[in-house]
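Heads up: numbering here begins at 1 and tracks the sequence.
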Amino acid sequence: LMSQFLARRFGIVTIEDTNIPEISEYVTVLRLADRCVGINSVSTPYYTLVRDVGETLRRLEDRAVPLLNAGAEAIIFGCMSFGFHPFADELATRLGVPVLDPVRSGIAAATAMSALGMRHSTRWLPAVQDKGAMNEFLGRLASATSGAAARQ
(Lines give C-alpha, C1' and ligand atoms only; values in the text may rest on other atoms or scores of the structure.)
Protein backbone atom coordinates (compact mmCIF):
# COMPACT_ATOMS: atom_id res chain seq x y z
CA LEU A 1 0.00 0.00 0.00
CA MET A 2 2.90 2.37 0.72
CA SER A 3 3.96 2.14 -2.92
CA GLN A 4 0.77 3.92 -3.94
CA PHE A 5 2.26 7.15 -2.55
CA LEU A 6 5.28 6.77 -4.84
CA ALA A 7 4.23 5.12 -8.09
CA ARG A 8 1.23 4.05 -10.12
CA ARG A 9 2.60 0.61 -11.03
CA PHE A 10 4.99 -1.61 -9.10
CA GLY A 11 6.80 -4.92 -9.22
CA ILE A 12 7.70 -7.21 -6.34
CA VAL A 13 10.95 -9.10 -5.78
CA THR A 14 10.91 -11.78 -3.10
CA ILE A 15 13.35 -14.39 -1.87
CA GLU A 16 12.06 -17.73 -3.14
CA ASP A 17 9.63 -18.91 -5.81
CA THR A 18 7.49 -20.58 -3.14
CA ASN A 19 6.56 -17.10 -1.82
CA ILE A 20 5.10 -15.92 -5.12
CA PRO A 21 1.61 -17.49 -4.87
CA GLU A 22 1.03 -16.08 -1.38
CA ILE A 23 2.21 -12.60 -2.38
CA SER A 24 0.04 -12.75 -5.49
CA GLU A 25 -2.96 -13.56 -3.30
CA TYR A 26 -2.21 -10.58 -1.03
CA VAL A 27 -1.97 -8.28 -4.04
CA THR A 28 -5.34 -9.56 -5.26
CA VAL A 29 -7.02 -9.25 -1.85
CA LEU A 30 -5.73 -5.68 -1.56
CA ARG A 31 -7.23 -5.00 -5.01
CA LEU A 32 -3.88 -3.93 -6.42
CA ALA A 33 -3.45 -6.63 -9.07
CA ASP A 34 -4.02 -4.14 -11.89
CA ARG A 35 -1.08 -2.07 -10.58
CA CYS A 36 1.32 -4.98 -10.04
CA VAL A 37 3.32 -5.77 -13.19
CA GLY A 38 4.74 -9.00 -11.76
CA ILE A 39 6.45 -10.86 -8.96
CA ASN A 40 9.94 -12.30 -9.30
CA SER A 41 12.22 -14.20 -6.96
CA VAL A 42 15.97 -14.08 -6.34
CA SER A 43 15.79 -17.83 -5.55
CA THR A 44 17.87 -17.45 -2.42
CA PRO A 45 16.97 -18.63 1.10
CA TYR A 46 16.62 -15.81 3.63
CA TYR A 47 19.56 -16.99 5.72
CA THR A 48 22.00 -16.52 2.80
CA LEU A 49 21.05 -12.97 1.79
CA VAL A 50 23.86 -11.23 3.64
CA ARG A 51 26.56 -13.87 3.13
CA ASP A 52 27.43 -12.30 -0.23
CA VAL A 53 25.84 -8.86 -0.39
CA GLY A 54 27.20 -8.20 -3.88
CA GLU A 55 25.63 -11.40 -5.21
CA THR A 56 22.31 -10.62 -3.55
CA LEU A 57 22.32 -7.14 -5.08
CA ARG A 58 23.15 -8.62 -8.48
CA ARG A 59 20.24 -11.05 -8.18
CA LEU A 60 17.89 -8.30 -7.00
CA GLU A 61 18.83 -6.11 -9.94
CA ASP A 62 18.53 -9.02 -12.41
CA ARG A 63 15.02 -9.80 -11.15
CA ALA A 64 13.91 -6.14 -10.86
CA VAL A 65 14.94 -4.98 -14.35
CA PRO A 66 12.33 -7.15 -16.16
CA LEU A 67 9.67 -5.67 -13.87
CA LEU A 68 10.79 -2.16 -14.79
CA ASN A 69 10.71 -3.15 -18.46
CA ALA A 70 7.13 -4.36 -17.90
CA GLY A 71 6.14 -0.90 -16.62
CA ALA A 72 6.96 -0.89 -12.90
CA GLU A 73 7.74 2.56 -11.52
CA ALA A 74 8.77 1.21 -8.10
CA ILE A 75 10.00 -2.09 -6.69
CA ILE A 76 8.74 -3.64 -3.47
CA PHE A 77 10.65 -6.27 -1.54
CA GLY A 78 8.33 -9.21 -0.91
CA CYS A 79 10.16 -10.38 2.18
CA MET A 80 11.16 -8.57 5.34
CA SER A 81 14.47 -10.45 5.37
CA PHE A 82 15.82 -7.90 2.88
CA GLY A 83 15.29 -5.23 5.55
CA PHE A 84 18.22 -6.25 7.70
CA HIS A 85 20.72 -4.83 5.21
CA PRO A 86 20.44 -1.57 3.22
CA PHE A 87 19.54 -3.47 0.02
CA ALA A 88 16.65 -1.07 -0.75
CA ASP A 89 18.82 2.04 -0.80
CA GLU A 90 21.53 0.41 -2.87
CA LEU A 91 19.07 -1.07 -5.37
CA ALA A 92 17.17 2.24 -5.67
CA THR A 93 20.44 3.95 -6.59
CA ARG A 94 21.20 1.32 -9.22
CA LEU A 95 17.69 1.32 -10.72
CA GLY A 96 16.74 4.98 -10.37
CA VAL A 97 13.29 4.17 -8.91
CA PRO A 98 11.94 3.86 -5.37
CA VAL A 99 12.56 0.49 -3.71
CA LEU A 100 10.38 -0.22 -0.69
CA ASP A 101 11.70 -2.22 2.22
CA PRO A 102 8.74 -3.75 4.12
CA VAL A 103 10.45 -3.47 7.51
CA ARG A 104 11.21 0.23 7.18
CA SER A 105 7.83 0.91 5.54
CA GLY A 106 5.93 -0.87 8.31
CA ILE A 107 7.80 0.97 11.04
CA ALA A 108 7.28 4.29 9.26
CA ALA A 109 3.55 3.62 8.91
CA ALA A 110 3.26 2.68 12.59
CA THR A 111 5.24 5.78 13.58
CA ALA A 112 2.97 8.00 11.48
CA MET A 113 -0.15 6.47 13.00
CA SER A 114 1.26 6.98 16.48
CA ALA A 115 2.19 10.61 15.73
CA LEU A 116 -1.37 11.19 14.55
CA GLY A 117 -2.76 9.57 17.68
CA MET A 118 -4.54 6.99 15.53
CA ARG A 119 -5.31 3.39 16.44
CA HIS A 120 -6.83 0.62 14.42
CA SER A 121 -10.57 0.11 14.60
CA THR A 122 -11.56 -2.45 17.21
CA ARG A 123 -14.49 -3.24 14.92
CA TRP A 124 -11.86 -4.57 12.51
CA LEU A 125 -9.29 -6.10 14.90
CA PRO A 126 -9.98 -6.90 18.54
CA ALA A 127 -7.97 -5.10 21.20
CA VAL A 128 -4.65 -6.69 22.21
CA GLN A 129 -5.11 -8.48 25.51
CA ASP A 130 -1.46 -8.83 26.56
CA LYS A 131 0.04 -5.42 25.82
CA GLY A 132 3.15 -6.16 27.88
CA ALA A 133 4.19 -9.04 25.62
CA MET A 134 3.45 -6.98 22.53
CA ASN A 135 5.44 -3.99 23.84
CA GLU A 136 8.37 -6.25 24.74
CA PHE A 137 8.38 -7.73 21.22
CA LEU A 138 8.13 -4.29 19.58
CA GLY A 139 10.97 -3.03 21.79
CA ARG A 140 13.22 -5.86 20.62
CA LEU A 141 12.22 -5.17 17.01
CA ALA A 142 12.94 -1.45 17.41
CA SER A 143 16.38 -2.20 18.85
CA ALA A 144 17.19 -4.55 15.99
CA THR A 145 16.05 -2.13 13.30
CA SER A 146 17.74 0.91 14.87
CA GLY A 147 21.00 -1.06 14.82
CA ALA A 148 20.45 -1.79 11.11
CA ALA A 149 19.69 1.88 10.44
CA ALA A 150 22.88 2.93 12.22
CA ARG A 151 24.90 0.56 10.01
CA GLN A 152 23.38 2.18 6.91
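- Taken to the nearest 0.5 Å, the CZ atom of Arg58 stands 9.5 Å off from the CG atom of Asp52.
- Under the 4.5 Å side-chain heavy-atom criterion for Ile, Leu, Val, Met, Phe, Trp and Tyr, Tyr47 and Phe77 are members of the same hydrophobic cluster.
- Contact annotation: the side chain of Leu95 approaches that of Val65 to within less than 4.5 Å [non-hydrogen atoms, C-beta and beyond].
- The minimum heavy-atom distance linking Cys36 with Val27 is given by the pair CB-CG1, 3.8 Å.
- A heavy-atom distance below 4.5 Å is not found between the side chains of Leu49 and His85.
- Phe87 has its side chain out of reach of Asp101: every pair of non-hydrogen atoms, C-beta onward, lies at least 4.5 Å apart.
- Checked for salt-bridge contact, Arg104 and Asp89 meet the test: a charged N lies under 4.0 Å from a carboxylate O.
- By the rule that hydrophobic residues join a cluster once side-chain heavy atoms approach within less than 4.5 Å of another member, Leu57 and Val50 end up as members of one cluster.
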With a cut-off of 3.5 Å and sequence neighbours excluded, list every side-chain donor-acceptor pair involving residues 6-17.
unit_1 : atom_1 : unit_2 : atom_2 : d
Arg8   : NH2    : Glu73  : OE2    : 3.0
Thr14  : OG1    : Gly78  : O      : 3.1
Asp17  : OD1    : Ser41  : OG     : 3.2

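- The CG atom of Asn19 sits 10.0 Å away from atom OG of Ser43, with the distance rounded to the nearest 0.5 Å.
- In summary, of the residues considered (Leu100, Val99, Val42, Val103), a side-chain contact (heavy atoms from CB on, under 4.5 Å) with Phe82 occurs for Val42 alone.
- Thr28 places a side-chain N or O within donor-acceptor distance of the main-chain N or O of Ser24, the cut-off being under 3.5 Å.
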Q: Give the C-alpha distance, both sets of side-chain angles, the deciding distance and a yes or no for side-chain contact (heavy atoms from CB on, under 4.5 Å) between Arg51 and Thr56.
A: CA-CA 9 Å; Arg51 281 189 190 157; Thr56 298; over 6 Å; no
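- Salt bridge absent: Glu90 and Arg94 never bring a charged side-chain N and a carboxylate O closer than 4.0 Å.
- In terms of the salt bridge (charged side-chain N to carboxylate O under 4.0 Å, His left out) criterion, residue partners of Arg59 (sequence neighbours excluded) are, by chain and number, Glu55.
- Among all heavy-atom pairs drawn from Ile75 and Ala72, the shortest one is CD1-CB, 4.4 Å.
- Applying the side-chain hydrogen bond (donor to acceptor under 3.5 Å, both in side chains) rule to pairs touching residues 105-117 yields nothing, sequence neighbours excluded.
- The hydrophobic clustering, which links ILVMFWY residues whose side-chain heavy atoms are closer than 4.5 Å, places Leu32 and Phe5 together.
- In the hydrophobic cluster analysis, where Ile, Leu, Val, Met, Phe, Trp and Tyr join through side-chain heavy atoms closer than 4.5 angstrom, Leu30 is grouped together with Ile76.
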